[in-house]
Amino acid sequence: MPQTTAEPRDGIGPMDSHGLRPDRFDSAGRDQLVDVRDLQAALPGIRRLRTWAHDALALQPGERAVDIGSGSGSEVLAFADVVGPTGTAIGVEPDPHLLAAAERRAAQAGSTAKFHSGDAYGLPFGADSFDAALCERVFQHLTAPIRAANEIARVLRPGGRVVVVDSDWGTAIVHPGNRQVVREVVDTLFSATTNPLSGRLLPGLLTKAGLVIDEIGSHALVQDRSVGAGSLVNRISAMAVARGVITEAQRDQLIADLEAGAESGDIHLSVTMFAVLAHKPL
């Protein structure tokens, strides 16, 4: 599990990770201790997945594109550059602070990108509105992800395409460490995440919504070895102690094992993200 270093979605500035509320996407979701959006150590991998997503969507001048959960707007600005003055690039974001930041950023850049308040459950657009859609790191926060998949299908025009990207915490690797202790720590992470297996569920959800899967990409986000256990493992292992599933001594040993592994080069902490390209049948 890569280190949480409070980096916002597009990496433009620091943010208090404890202030990232789950109701950014779903008011019924649990408090999120994990959000890949904040993993500075993993940003190169996220950027590679974004490049894959943009290539897969293959936007053309004059098309209409939407980013669902657009954060402070980086991908919408990129969309606007591609679709040009005859196209439309829109971001949908429920957090008013991020929405305001995106609007300021677009104004400063002289971009045609537009932003609307809204969430994945209720996109403020009519049916068949967009040629392309992006939804990055939203589904892991949702208690009813099929509703979001149905909304994506609704706003896509026939032939329109979408890329949905999310993490799958079932792929988390923590090495070295006692296997049972690591298992309990990962299970604790699961209990604190609304939809921890979202990455593997994306193809099925999009298919149920009536979309056709075209391609699936993935990337393992590997934490920089130099940070040792990192703040995320420290926080989750402390929570595991509070839950009574490991002892304080077992936690101390896990942290020591990881720090020793960092020094010797025998350490691996990672999680895999998946990106699914789909289209709406004609």
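None of the values given here were measured: they were computed from a predicted structure. For the numbers below, each heavy atom of this structure counts, side chains included, while hydrogens, waters and symmetry mates do not.
Among residues at least two apart or in separate chains, there is no ring pair (Phe, Tyr, Trp, His ring centres under 6.0 Å) pair with a member in residues 194-253. For residues 240-255, the salt bridge (Lys or Arg N to Asp or Glu O under 4.0 Å) pairs, not counting sequence neighbours, are Glu248-Arg251. For the side chain to side chain donor-acceptor pair (under 3.5 Å) condition, the pairs that include at least one residue of residues 272-282, sequence neighbours left out, are Asp128-Lys280, Asp214-His279. Applying the salt bridge (Lys or Arg N to Asp or Glu O under 4.0 Å) rule to pairs touching residues 178-189 yields nothing, sequence neighbours excluded. The list of ring pair (Phe, Tyr, Trp, His ring centres under 6.0 Å) pairs with a residue in residues 221-255, not counting sequence neighbours, is empty.
Cluster membership for Leu277 and Val212, using ILVMFWY side-chain heavy atoms within less than 4.5 angstrom, is not shared. Cluster annotation: Ile216 and Val138 are assigned to the same hydrophobic cluster (Ile/Leu/Val/Met/Phe/Trp/Tyr, side-chain heavy-atom contacts under 4.5 Å, transitive). The same ILVMFWY cluster, assembled from side-chain heavy atoms under 4.5 Å apart, contains both Ile146 and Leu211.
Considering CD of Glu63 and CZ of Arg161, their distance stands at 4.0 Å, rounded to 0.5 Å. For the atom pair CG of Leu123 and CD1 of Ile152, the computed distance is 7.5 Å after rounding to the nearest 0.5 Å. Between Leu156 atom CG and Arg64 atom CZ the span is 11.5 Å, to the nearest 0.5 Å. Rounding to the nearest 0.5 angstrom, the gap separating the CG atom in Leu269 from the CG atom in Leu232 is 9.0 Å. For the atom pair OG of Ser270 and NE2 of His268, the computed distance is 3.0 Å after rounding to the nearest 0.5 Å.
Side-chain contact of Ser167 with Trp169: a donor-acceptor pair under 3.5 Å is present, judged by distance alone. In this structure, a donor-acceptor pair under 3.5 Å is present between the side chains of Asp166 and Gln140.
Shown here are the ring-ring contact (aromatic ring centres under 6.0 Å, His included) partners of His54, two or more places apart in sequence or in another chain: Phe79. With sequence neighbours left out, Asp55 forms a side-chain hydrogen bond (donor to acceptor under 3.5 Å, both in side chains) with no residue at all. The side-chain hydrogen bond (donor to acceptor under 3.5 Å, both in side chains) search around Arg200 returns Asp168, not counting sequence neighbours. Applying the side-chain hydrogen bond (donor to acceptor under 3.5 Å, both in side chains) rule to Arg157 yields the partners Asp131; only residues at least two apart in sequence or on another chain are considered. Legend: residues meeting ring-ring contact (aromatic ring centres under 6.0 Å, His included) with Phe125, ordered by chain and number and at least two apart, are His116, Phe130. The side-chain hydrogen bond (donor to acceptor under 3.5 Å, both in side chains) check on Asp266 picks up His175, with sequence neighbours excluded.
Within the 3.5 Å criterion, the main-chain N or O of Ala260 finds no donor-acceptor partner in the side chain of Glu263. Remark: the backbone N or O of Thr247 is paired with a side-chain donor or acceptor of Gln250 at under 3.5 angstrom. Gln180 places no side-chain N or O within 3.5 Å of a backbone atom of Asn178 that could act as its donor or acceptor partner.
Clustering of Ile, Leu, Val, Met, Phe, Trp and Tyr side chains at separations under 4.5 Å places Phe115 together with Val76, Leu77, Leu99.
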